[in-house]
Amino acid sequence: MSKPQILVVDDSPEIRLSAAFILEDQGFVVLEAENHHYAQTMLADNSVDLILLDMNFSLDTTSGEEGLRFLTWLSKSDFVIPVIAMTGWSNVDLAVNAMRLGACDFVEKPWNNQRLIQIIHQQLKLAGLQVQNQKLKQQLEPVAELDFTWRSAAMEKLLAQIDSVAATDASILLTGDNGTGKSHLAKRIHQQSDRASSTFISVNMGAISEALFESEMFGHKKGAFTDAKENRIGRFELAKDGTLFLDEIANIPQSQQAKLLRVLESGEYEVLGSSQTQHANSRIISATNGNIAQLIGDGAFREDLYFRLNTIELRVPSLKERLHDIVPLAKHFIALHGKKYKREELSLTPGAIQALETYHWPGNVREMSHLMERAVLLAQNSRLGQEDLHLSNLKPSNYLPMMTVDQAEHKLIEQALVLTNNNVPKAGIMLGLTKSSIYRRLEKYGIRTPDL
C-alpha cells in the first residue's frame, strides 16, 4: 500500500522543513510548495492525499486572501482533496471563510505536533470513507458462486487450468456459448487470486451505449456533460487493486476499442472532464460468446486489443459436453431456488433425471437455472417429475439436415463419445451397439480416442 502524500504550502522554508520532519516520521510522503502557484503545478503532476495550506503569503500577513483564492480555485477544479488551513494569526472570521470554501479544519502556528497529526489522520480517514461510500453505492451485487463439485472431465480439466493461473495477474479471456457460466468462473479466478481481498467489478460491455462508454469505464466529473449532475467513479477506479471483469467484450463499440487498449497498454486514463492522469491497477478478465477470429477478419475487432486480453484463453464447454454435470447442477438450482421460495423438500424422480440428461440445453447453465426456478414455483408435489420440467415444448424440431447415412453415423458416434467423455463401451450402449460394433465403426471412420 502506497504512503499518503501531503502537500505543505507555505512561503517559509523553516515551516516546510519542520512539517516535513514531523510528517515523514509518521510515515507520510511530504511535497513542498512555497506559494499557491507552485501548489497548483504540483497538484497537476502528483497524486496528493491532503494539503496543509498557509493562508498568508507575499500579499500581506493577516488577511488570508491568497489562501482563500487558492481554496476558491481548488473548489472549482477537478481535485477532491482535504485541506487543513493554517496561519500564524488567530482569526475566527478567516477560519470560517476558509471552511466555507472547502477547508476541512484549521490550525494555528506554531502548531501542537500531536494535534496536527491527529487532525491529519482524521481527515485522511474521512476522505477515504467518502470515496469508499461512493464506490459502494455504484457497485453491483456480486454473482453467487456455484457451491458444488464439478464431475465432468471437461470441467475438471478447465478448473485445473484456472487454478494454475488464478494466482497470477495474467489477463484471461473466457470463451464459450451463452449461459455456460463464464461469469461464475471469473469470480472463482478472482477469489483464488492475490487480489481476493479487494473488489470484483463486473461490467456488461454490450450494455454500455457508445455515448456513455468513457463515463462508465473511466468516470466523470460533475458538469463534464449536460446530465453529469454529480461525480461518478468509473469501473477502473472501482476495481482498483481488484479484478475487472469485462463481459461480452466482443460487443464493445469499435470506436471505443482504442481507448480501452490505451488503458491496458499504459495503465493510464483520464476521468471525463478532468485533465489529471489516473493510474489503473486491476486484473483484467474478459469473456465472449462471439467468434473473435471472424470479427478480427471482418475488421470489427482490433487484433492488438485481442492480444492484450488473451494472455491466457480458456474455453468454457457447453452443458451438452458435460453430461456428468447436468444432474448435480439441477440439484444445486433446486436447492437454491427451493430455499428462496421456501420449497426445500423438493427432489427429482428418475424420469426427470433421464429427461434432463437427454435434453439438448441450448441455453446451457443459465437456461437450467430458469427452468429449475419455474419447476420449483409450479411444483404440486415434493418429487419433481418430467412433466414438471416442461422440457418437451423446448425440444428442437425433428427435422434433420440432409446427409448420407455414413455421415449421420459418423456424427452420432462423435457426439456419443463427447457425452461419455470418450468412454467407447458407454458410447456403444448409448447408440445401441455392441462393443465390437462400436470399435469397428471407429476404425471405419478413422475416429481416434485417448485409449486407442
Side-chain angles (χ1 to χ4, degrees), residues 1-131 221 231 271 274-279:
M1 184 176 179
S2 58
K3 297 179 180 180
Q5 293 199 109
I6 297 179
L7 175 60
V8 180
V9 188
D10 198 297
D11 58 347
S12 169
E14 290 80 12
I15 294 294
R16 298 198 305 271
L17 181 62
S18 176
F21 276 135
I22 298 167
L23 299 178
E24 288 173 353
D25 189 54
Q26 295 293 318
F28 298 116
V29 175
V30 178
L31 305 174
E32 299 180 28
E34 63 184 66
N35 57 50
H36 60 283
H37 298 296
Y38 284 115
Q40 293 175 12
T41 301
M42 297 199 74
L43 288 175
D45 298 331
N46 298 275
S47 178
V48 174
D49 299 289
L50 183 139
I51 300 173
L52 273 178
L53 175 67
D54 184 29
M55 299 300 292
N56 298 295
F57 296 92
S58 59
L59 186 63
D60 56 55
T61 58
T62 59
S63 71
E65 185 176 337
E66 289 173 303
L68 295 175
R69 286 180 187 172
F70 177 80
L71 287 171
T72 301
W73 169 83
L74 190 67
S75 67
K76 296 178 180 179
S77 71
D78 299 329
F79 305 108
V80 182
I81 304 172
V83 178
I84 299 174
M86 56 184 183
T87 182
W89 300 87
S90 179
N91 187 323
V92 175
D93 290 337
L94 179 57
V96 171
N97 289 333
M99 301 286 274
R100 284 176 177 170
L101 289 173
C104 299
D105 213 323
F106 196 95
V107 295
E108 293 181 32
K109 295 185 291 186
W111 57 71
N112 177 283
N113 290 348
Q114 186 175 356
R115 171 165 167 71
L116 178 63
I117 296 301
Q118 181 183 8
I119 291 174
I120 289 174
H121 280 298
Q122 182 182 45
Q123 294 304 325
L124 287 174
K125 185 176 181 179
L126 287 173
L129 287 173
Q130 289 173 353
V131 172
K221 293 293 184 182
N231 291 342
V271 174
S274 169
S275 58
Q276 187 176 23
T277 298
Q278 305 291 328
H279 298 278

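As a basis for the values below, the full set of heavy atoms in this structure was taken, side chains included, without hydrogen atoms, waters or symmetry mates. If you read the sequence from its start, that first residue is 1, and numbering goes on from there.
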Parallel, tilted or perpendicular: rings of H121 and F28 (30°, 60°):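 Plane angle between 30° and 60°, so tilted.
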Restricting to non-hydrogen atoms, name the atom on [X] and the atom on [Y] that form the minimum distance, rounded to 0.1 Å.
| X | Y | result |
| --- | --- | --- |
| Q123 | C104 | OE1-CB, 3.1 Å |
| P4 | L124 | CB-CD1, 4.1 Å |
| F106 | R115 | O-NH2, 4.2 Å |
| V271 | K221 | CG1-N, 3.9 Å |

Residues V107, I119; criterion side chain to side chain contact (heavy atoms under 4.5 Å, CB included); working and verdict: CA-CA 9 Å; V107 295; I119 291 174; 3.4 Å; yes
Is there a side chain to side chain contact (heavy atoms under 4.5 Å, CB included) between I117 and W111 once you walk through the steps? CA-CA 10 Å; I117 296 301; W111 57 71; over 6 Å; no
I'd like to check the side-chain contact (heavy atoms from CB on, under 4.5 Å) partners of Y38; sequence neighbours left out, ordered by chain and number.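 Partners of Y38 by the side-chain contact (heavy atoms from CB on, under 4.5 Å) criterion, ordered by chain and then number, come out as A33, E34, N35.
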Within the 4.5 Å heavy-atom criterion, are L101 and L68 side-chain neighbours or not? yes
Between I6 and I120, is any pair of side-chain heavy atoms under 4.5 Å apart?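 Result yes, sub-4.5 Å side-chain heavy-atom pair found.
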Taking T72's backbone N and O only, do any of them form a donor-acceptor pair with S75's side chain (distance below 3.5 Å, no angle check)? yes
Going through the distances and angles, do M55 and L53 end up as a side chain to side chain contact (heavy atoms under 4.5 Å, CB included)? CA-CA 6 Å; M55 299 300 292; L53 175 67; 4.1 Å; yes
Roughly how far apart are [X] [atom1] and [Y] [atom2], rounded to 0.5 Å?
| X | Y | atom1 | atom2 | answer |
| --- | --- | --- | --- | --- |
| D54 | H36 | CG | NE2 | 11.5 Å |
| Q5 | M42 | CD | CE | 8.5 Å |
| I51 | L31 | CD1 | CG | 10.0 Å |
| F70 | H37 | CZ | NE2 | 11.0 Å |
| I84 | L50 | CD1 | CG | 4.5 Å |
| N113 | L116 | CG | CG | 7.0 Å |

Quick one: do the S12 and E14 side chains pair a donor with an acceptor below 3.5 Å?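 S12 vs E14: donor-acceptor pair found between side chains.
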Side-chain donor-acceptor distances from residues 16-27 under 3.5 Å, at least two apart:
{"from": "R16", "atom 1": "NE", "to": "E32", "atom 2": "OE1", "distance (Å)": "3.1"}
{"from": "R16", "atom 1": "NH1", "to": "D10", "atom 2": "O", "distance (Å)": "2.7"}

Step by step, work out the side chain to side chain contact (heavy atoms under 4.5 Å, CB included) result for L7 and L43. CA-CA 9 Å; L7 175 60; L43 288 175; 4.1 Å; yes
